[in-house]
Amino acid sequence: MAPDKGALHLYNTLSRTKEPFVALNAPHVGMYVCGPTVYGPPHLGHARPYVTFDVLSRYLRHLGYQVRYVRNITDVGHLVDDADEGEDKIARRARLEKLEPMELVQRYTLAFHKAMDLLGNQPPSIEPRASGHIPEQIEMIEVLIRKGFAYESNGSVYFDLEAYRAKYPYGDLSGRVVDELVAGAGNERRALAGQSEKRKPEDFALWKNAEPQHIMRWNSPWGLGFPGWHIECSAMGVKYLDAPFDIHGGGMDLLFPHHESEMAQTTACHDCAPCRYWMHNNMVTINGQKMGKSLGNFINLDDLFEGTHPLLSQAYDPMSIRFFILQAQYRSTLDFSDGALAASAKGYKRWIQGLQELIAYKPAPSMAGQEPAVNSGSILSAPIFEAKAQAALNDDLNTPILIALGYELLNEFQSVKSGKITVTAANWTDLVGKIKVYMTDILGFNLSDSGKEASLSPALEGAMKLILDLRQQAKDSKNWAQSDLIRNALNEAGIKVMDDKEGSRWSLG
RNA sequence: GGUCGGGUGGCCGAGUGGCUAGGCAGAGCUCUGCAAAAGCUCCUACAGCGGUUCGAAUCCGCUCUCGACCUCCA
């Protein structure tokens, strides 16, 4: 039975509208997201889609669905453009670094996993590798040939778009019109490899004959070669999710030709569309510009987390990056700049620490004559908070609104602390539970992990207590030079000391 | 040239017909040995020009402008 907890609406690229989400085989939901090509270190461009679809899978699970989230690892390499025409990306890097291609793939796969983990992304249910599914891809290509939608040419196999278009529409997803594609001006840029082998220039490769220098190669009915770019997603998506499955996600840059081709291949092979909903996250820019290696503004995630990049003034905590990403709706472009990141990191600190304090708070019993917030329409009322949080997510995953609700909670929380408004213990317990559900389970921010310092080590705790006691003695005797000396020295050692009414607090960093 | 998506206050970023989004920065204040942190208050925008409407950031048209993609780059 499909759980009914309000109506989730998702923007479907295919219809260009927000549609109510209806699972094809409730309570199961199949979701396929195009994964990374592991030919280099994980970068900013990887952060956004995987945070976005992580939140989607978490929310679907919260709604009661059993989600199978499949995200591939592309490790068979694809052609590079520019000067390296015709040479496999992975093979090229491997040669440069004098490694086996698979060694390189392994290194960057691990780096990718680590970055995803730091960003708070849960691993997908299945993470199939393209190189581990060569037989499935070959099999699919054979079906396409048999059905007359593909042809072999000089050891390569191409998708016959003309044959396909005679039976199915093509271009609906991306809004392309084939006849304009090839004819279009400004399109003479690339002399595509193997263009002469094709019957029509718009045909795309399913299997590519391997040149001698191409290291990554597999045996096939058409000779040594490697699969075309699009076929892996089609083959693996269908293998693990069946066609049609519910959701196919990825970056907007994949819309054409990648997803359009996937759609054609699967449709031609199985006579049904690969999926019901196509979702695309918008792109990331750096200081308003596309991120690109040639533009010199490429930011790897490690650089971000460690602050080692000329464009960055400081290191950014991975979870503050997650926060930054979720502060924008996934269909808007998101501009990374040092200023925006710094602002967001600061806001995140207040947000997370405030909420941590909130969920640890034990409200005093209601005072007579004061109306509890639960009756006043305040967001501190658990049902009201939940209704608003759910409405935000149901509207095509509007995470910025949900984050803003967190700030609203903190605002009202002040009034609770100062006794201006009262809450009932029962409602407070409910509210804390809901906050954990939405902010932790769904958005992925850990609220119970306050006092990172407290768990560091009892030895440090003890030492700090001693130091702060000594400092307090200095303060009591108005020996400001001494107390400031201690505070400054600790500061230089990376320990912040702050005084308030109750005494001194300290924290790392 | 084509297709698609944008242009919101100093910055980031929600919002699709009337009701203060939110954050950061800035200003003032509270607290305070100093500092920091925290809290309170203030800061009311919607690229331009027309149009529709009682009323538009929100709908329509035009202009300017930015971005993505345009077949083997994920």
Side-chain angles (χ1 to χ4, degrees), chain A residues 13 16 34-40 43 45-46 49 74 78-82 84 86 89 156 158-159 161 171 174-178 180-187 189-190 192-195 198 201-206 208 228-231 250-258 260-261 280 282-283 285 288-290 292 323-324 327-329 331-337 339-351 353-354 357 392 395 398-408 410-411 414 417-418 475 478-480 483-484 487-488 491 496-501 505 507:
Chain A
T13 307
R16 300 187 199 290
C34 289
T37 299
V38 283
Y39 72 98
H43 55 76
H46 293 130
T74 296
H78 294 293
L79 294 176
V80 291
D81 58 5
D82 307 331
D84 311 304
K89 261 183 169 180
S156 296
Y158 294 95
F159 190 80
L161 206 57
S174 60
R176 300 295 141 127
V177 180
V178 177
E180 290 172 359
L181 281 180
V182 187
N187 213 0
R189 30 203 298 261
R190 268 183 278 190
L192 298 169
Q195 199 64 286
K198 297 182 187 176
E202 61 268 28
D203 292 346
F204 55 87
L206 297 170
K208 203 78 174 93
W229 171 27
H230 318 297
I231 196 76
M252 240 173 209
D253 52 338
L254 299 173
L255 194 47
F256 188 88
H258 185 57
E260 195 73 71
S261 303
H280 293 94
N282 213 323
M283 307 311 290
T285 55
Q289 252 198 327
K290 176 191 180 181
F323 187 78
F324 180 73
Q327 260 187 312
Q329 208 267 351
R331 283 193 296 124
S332 310
T333 51
L334 177 61
D335 188 44
F336 277 74
S337 64
L341 284 169
S344 184
K346 213 166 168 179
Y348 171 64
K349 197 176 168 198
R350 225 193 90 216
W351 189 87
Q353 290 180 349
E357 190 192 343
D395 184 15
N398 198 328
T399 52
I401 298 258
L402 185 48
I403 286 174
L405 289 178
Y407 285 108
E408 280 183 43
L410 295 184
N411 224 358
Q414 293 307 322
K417 282 197 289 186
S418 66
K475 286 180 68 174
K478 298 206 189 301
N479 186 350
W480 308 128
S483 71
D484 288 354
R487 186 173 61 198
N488 292 339
N491 226 325
K496 262 193 206 153
V497 176
M498 286 159 287
D499 301 334
D500 49 33
K501 275 181 189 163
R505 289 179 295 120
S507 64

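Lettering of chains follows the sequences in order, A, B, ..., and the numbering in each one begins at 1. Because only heavy atoms are used, hydrogens play no part in the values below, and waters and symmetry mates are left out as well, while side chains stay in.
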Next on the checklist: What contact category does A/Leu341 fall into here, base, sugar-phosphate, or nothing, at under 4.0 angstrom with non-hydrogen atoms?
Outcome noted: nothing
Checklist entry - Does a side-chain heavy-atom distance below 4.5 Å link A/Phe204 with A/Trp229? => result no
Checklist outcome for this item: Contacts of A/Pro36 and A/Ser174 projected onto RNA chain B by closest heavy atom; the upstream (5') one is A/Ser174
Checklist entry - Heavy-atom distance under 4.5 Å between the side chains of A/Asn491 and A/Lys496, does that happen here? => result yes
Checklist entry - Of A/Ala340 and A/Cys34, whose closest RNA chain B nucleotide lies nearer the 5' terminus? => result A/Ala340
Checklist entry - Who are the side-chain hydrogen bond (donor to acceptor under 3.5 Å, both in side chains) partners of A/Lys417, not counting sequence neighbours? => result A/Glu357
Item to check | Same-atom distance (P) from B/G15 to B/G28, integer angstrom | outcome: 34 Å
Checklist entry - For the side chain of A/Asp335 and the base of B/G13, is some donor closer than 3.5 Å to an acceptor across the two? => result no
Checklist entry - Reckon A/Met498 touches a base, only the sugar-phosphate, or nothing at all at heavy-atom distances under 4.0 Å? => result base
Next on the checklist: Among residues at least two apart in sequence or on other chains, which ones pass salt bridge (charged side-chain N to carboxylate O under 4.0 Å, His left out) with A/Glu408?
Outcome noted: none
Item to check | P-based separation of B/U63 from B/U20 [nearest Å] | outcome: 36 Å
Item to check | For atom CZ of A/Phe324 and atom P of B/C12, their distance in whole Å | outcome: 9 Å
Item to check | A/Arg16 CZ - B/G6 P separation (whole Å) | outcome: 11 Å
Checklist entry - Expressed as a whole number of Å, how far does the C1' atom of B/A56 sit from that of B/U16? => result 10 Å
Next on the checklist: Over all strands shown, is A/Glu260 touching base, sugar-phosphate only, or nothing at heavy-atom distances under 4.0 angstrom?
Outcome noted: nothing
Checklist entry - Think A/Trp229 has a side-chain N or O under 4.0 angstrom from the OP1 or OP2 of B/A74? => result yes
Next on the checklist: Using whole Å, what does the distance between atom C1' of nucleotide B/G67 and atom CE of A/Met283 come to?
Outcome noted: 10 Å
Next on the checklist: Taking side-chain hydrogen bond (donor to acceptor under 3.5 Å, both in side chains) as the definition, give me every residue that meets it alongside A/Arg505, ordered by chain and number, with sequence neighbours left out.
Outcome noted: A/Asp500
Next on the checklist: Taking A/Gln414's backbone N and O only, do any of them form a donor-acceptor pair with A/Ser418's side chain (distance below 3.5 Å, no angle check)?
Outcome noted: yes
Next on the checklist: B/A14, OP1 or OP2 - any side-chain N/O from A/Ser332 closer than 4.0 Å?
Outcome noted: yes
Item to check | Partners meeting side-chain hydrogen bond (donor to acceptor under 3.5 Å, both in side chains) with A/Asp499 (sequence neighbours left out) | outcome: A/Arg471, A/Lys475, A/Ser504
Checklist entry - Looking for any heavy atom pair under 4.0 Å, which part of the strands does A/Leu255 touch: base, sugar-phosphate only, or nothing? => result nothing
Item to check | Whole-angstrom distance between B/C62 and B/U52, as gauged at atom C1' | outcome: 15 Å
Next on the checklist: Taking B/C64 as the reference, what is the distance to B/G48 when you measure between their C1' atoms (whole Å, please)?
Outcome noted: 7 Å
Item to check | Atom pair distance, as rounded to whole Å: CG in A/Leu410 and C1' in B/G39 | outcome: 12 Å
Checklist entry - Partners of A/His280 by ring pair (Phe, Tyr, Trp, His ring centres under 6.0 Å), sequence neighbours excluded? => result A/His259
Next on the checklist: Please give the distance between the P atoms of B/C31 and B/C46 as a whole number of Å.
Outcome noted: 39 Å
Checklist entry - Side-chain contact, heavy-atom cut-off 4.5 Å: A/Lys346 with A/Trp351? => result no
Checklist entry - Picking from B/U71, B/G33, B/A14, which would you name as closest to the side chain of A/Asn398? => result B/A14
Checklist entry - Within this structure, what is the OH-to-P distance between A/Tyr39 and B/A74, rounded to whole angstrom? => result 8 Å
Checklist entry - Can you name the ring pair (Phe, Tyr, Trp, His ring centres under 6.0 Å) partners of A/Tyr348, sequence neighbours left out? => result A/Phe323, A/Phe445
Next on the checklist: Nearest whole Å is fine: how far is B/C4 C1' from A/Asp253 CG?
Outcome noted: 13 Å
Next on the checklist: Taking only the P atom of each, what is the distance from B/G67 to B/A25 in whole angstrom?
Outcome noted: 29 Å
Checklist entry - Does RNA chain B take part in any stems of at least 3 consecutive Watson-Crick or G-U pairs (both distances under 3.5 Å), and if so, which ones? => result B:1-7 with B:64-70, B:10-12 with B:22-24, B:26-30 with B:38-42, B:47-51 with B:59-63
Next on the checklist: When the P atoms of B/A36 and B/C29 are compared, how many Å lie between them, rounded to an integer?
Outcome noted: 15 Å
Checklist entry - When all nucleic acid strands are considered with a 4.0 Å heavy-atom cut-off, which category describes A/Thr285: base, sugar-phosphate, or nothing? => result nothing
Could you list the protein-to-nucleotides 19-29 of chain B atom pairs, N/O on both sides, closer than 3.5 Å?
from, atom 1, to, atom 2, distance (Å)
B/C24, OP1, A/Arg350, NH1, 3.1
B/C24, OP2, A/Arg350, NH1, 3.3
B/A25, OP1, A/Lys346, NZ, 2.2

Checklist entry - Checking all strands, does A/Gly35 fall into the base, sugar-phosphate, or nothing category for heavy-atom contacts under 4.0 angstrom? => result sugar-phosphate
Checklist entry - Which is true for A/Ala328 with a 4.0 Å heavy-atom rule: it touches a base, it touches only sugar-phosphate, or it touches nothing? => result sugar-phosphate
Item to check | Nucleotide B/G33, atom P - distance to NZ of A/Lys475 in whole Å | outcome: 8 Å
Next on the checklist: Just verifying a value: how many Å separate A/Ile403 CD1 and A/Asn398 CG, rounded to the nearest 0.5 Å?
Outcome noted: 10.0 Å
Checklist entry - Considering residues at least two apart in sequence or located in another chain, which fulfil the side-chain hydrogen bond (donor to acceptor under 3.5 Å, both in side chains) criterion with A/His46? => result none
Checklist entry - Atom CG of A/Leu405 to atom P of B/G13: distance rounded to whole Å? => result 19 Å
Checklist entry - Is any N or O donor-acceptor pair between the side chain of A/Arg505 and the base of B/A37 shorter than 3.5 Å? => result no
